[in-house]
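This report refers to the structure that appears directly beneath it.
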Amino acid sequence: MADKPEVIECDENPFAIVRQQIEASAKYLNLTREEIDVLKSPMRELHVSLPVRMDDGRIKVFQGFRVQYNDARGPGKGGIRFHPQETVDTVRALAAWMTWKTALLDLPLGGAKGGIICNPKEMSQGELERLSRAYMRAVFPFVGPEKDVPAPDVYTTPQIMAWMADEYSVICGKPQFGVITGKPLSMGGSPGRGDATARGGMYTIREAAKVLGIDLSKARVAIQGYGNAGYYAATLCRDLFGARIVAACDSQGSIYCEEGIDPDAAYECKCSTQSVCNMPGVECICGDDLLELDVDILIPAAMENVITAKNADKVKAKIIAELANGPTTPEADDILFANGVHVIPDFLCNAGGVTVSYFEMVQNFYMYRWEEAEVHHKLDRRITEAYHSVYNASREHNINMRQAAYVVALKRVVETMKIRGWV
Ligand code: GLU
């Protein structure tokens, strides 16, 4: 095990939050100090410098990370983010959440995460390709279909996954597409991976609505973020439930329309004008107002720390479905729980992505392809079971859904660490 990393303790450092969450959950499992210490420490971290030739001929050096948090239950698994504000602590937190996520869904995988500090919106396709290939060359000895399998995340796409899987295959001297998931279909991607994160989230919303007695066909929904997860969440809320999207936003601003926003028109508007805000027939509202709207379901589908001690008391939604990773701070969790808001925590709500990634790994190992309906069915079964194990734990211990998810997941990780003789 690596030395304990230095962690800057502050309210919004995601890794400090992870460590707080582990401590808070440990008492329900009677964990020993040694077990807690192992859970609080990333197993392995790689920091890389990536010199990339830019289109103007200059070399620019990018910083990248891969954190393999815990592989007690199987090979590392988790996405790679391209983001200008990426930090190693964010990647550590996300890698830890991947560990809990795979355990919660009972996948035979560990948790890992990668990140590169860059702004993909300002880069050409050629620059992105060279950066993606440079990253794969740098992490090559540490990843592999049976070691650690990256995937897409914020601002990374199936095309980026294809370049990385190609680079890995070229170095190996043979096609090794199983090194990456979230690939295009023509390169061993799985049917159903594109909307898997949002679809898994919808199945958890369906189960939550059942236990809370909410009629989803009359539900009003606000979606914060309109990337892959947010856009598919909007279309699936309409297609699976007949629910109405009354508000949406992206990095440029927020829109509201009581009669309902057409998810596809909003997406087309975002593609053609860079923002949903240019849609005709909608009202532009302030971003913070979206989180405080009187809706049935609020779906944070963008970044960390958007629901905090400052605004949690003003949230009126009955269900918060966290498609983003880490959108709610621990203080906000306490406020929401006291106010009776049902939070479907991130590593349960957004676990559909990694679950279908796991199906992609299985198909790659078997050199086989499943039908999309089979993928949906298998995802539904796994995530529905995970939802109810979390819900039951929250009832049993009278704790919020996030703590309950921690209790279920940490129990499984610790059990395997014990069997392997780590603790
Ligand atoms: N990036 C996604 C997540 O945070 C998917 C990870 C994966 O497919 O490995 O869960």
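Just so we're clear, the structure is a prediction, and the values are computed from it rather than from any experiment. Read the numbers this way: they start at 1 and go in the same order the structure lists the ligands and their atoms.
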For [atom], the protein heavy atom that lies nearest, with its residue and separation:
| atom | answer |
| --- | --- |
| atom 1 (N) of ligand 1 | Asp153 OD2, 2.7 Å |
| atom 10 (O) of ligand 1 | Lys101 NZ, 2.6 Å |
| atom 8 (O) of ligand 1 | Ser357 OG, 2.5 Å |

No-hydrogen, no-angle side-chain donor-acceptor test under 3.5 Å, Asn13 and Asp89:
yes
Identify, by atom number and element, the atoms of ligand 1 in contact range of [X], meaning under 4.0 Å from any of its heavy atoms.
| X | answer |
| --- | --- |
| Lys113 | 1 (N), 3 (C), 4 (O) |
| Gly78 | 9 (O) |
| Asn325 | 4 (O) |

Applying the side-chain contact (heavy atoms from CB on, under 4.5 Å) test to Trp370, which of His377, Glu360, Gln363 qualifies?
Gln363
Short N-O contact, [X] and [Y], less than 4.0 angstrom:
| X | Y | value |
| --- | --- | --- |
| Asp288 | Lys314 | no |
| Arg402 | Asp346 | yes |
| Arg19 | Glu23 | no |
| Arg133 | Asp166 | yes |

Quick one: does [X] get within less than 4.0 Å of ligand 1, heavy atoms only?
| X | result |
| --- | --- |
| Ala351 | no |
| Gly182 | no |
| Met98 | yes |

Would you say that more than 12 heavy atoms from the other residues, nucleotides or ligands in this model lie under 6.0 Å from the NZ of Lys411, or not?
no
Ranking Ala151, Ala324, Gly353 by closest non-hydrogen atom to atom 7 (C) of ligand 1, top hit is Ala151
Have a look at Arg193, Lys77, Met361 and point out the one with the heavy atom closest to atom 5 (C) of ligand 1.
Arg193
Rounded at 0.5 Å granularity, tell me how far CE in Met401 sits from CD in Gln403.
12.5 Å
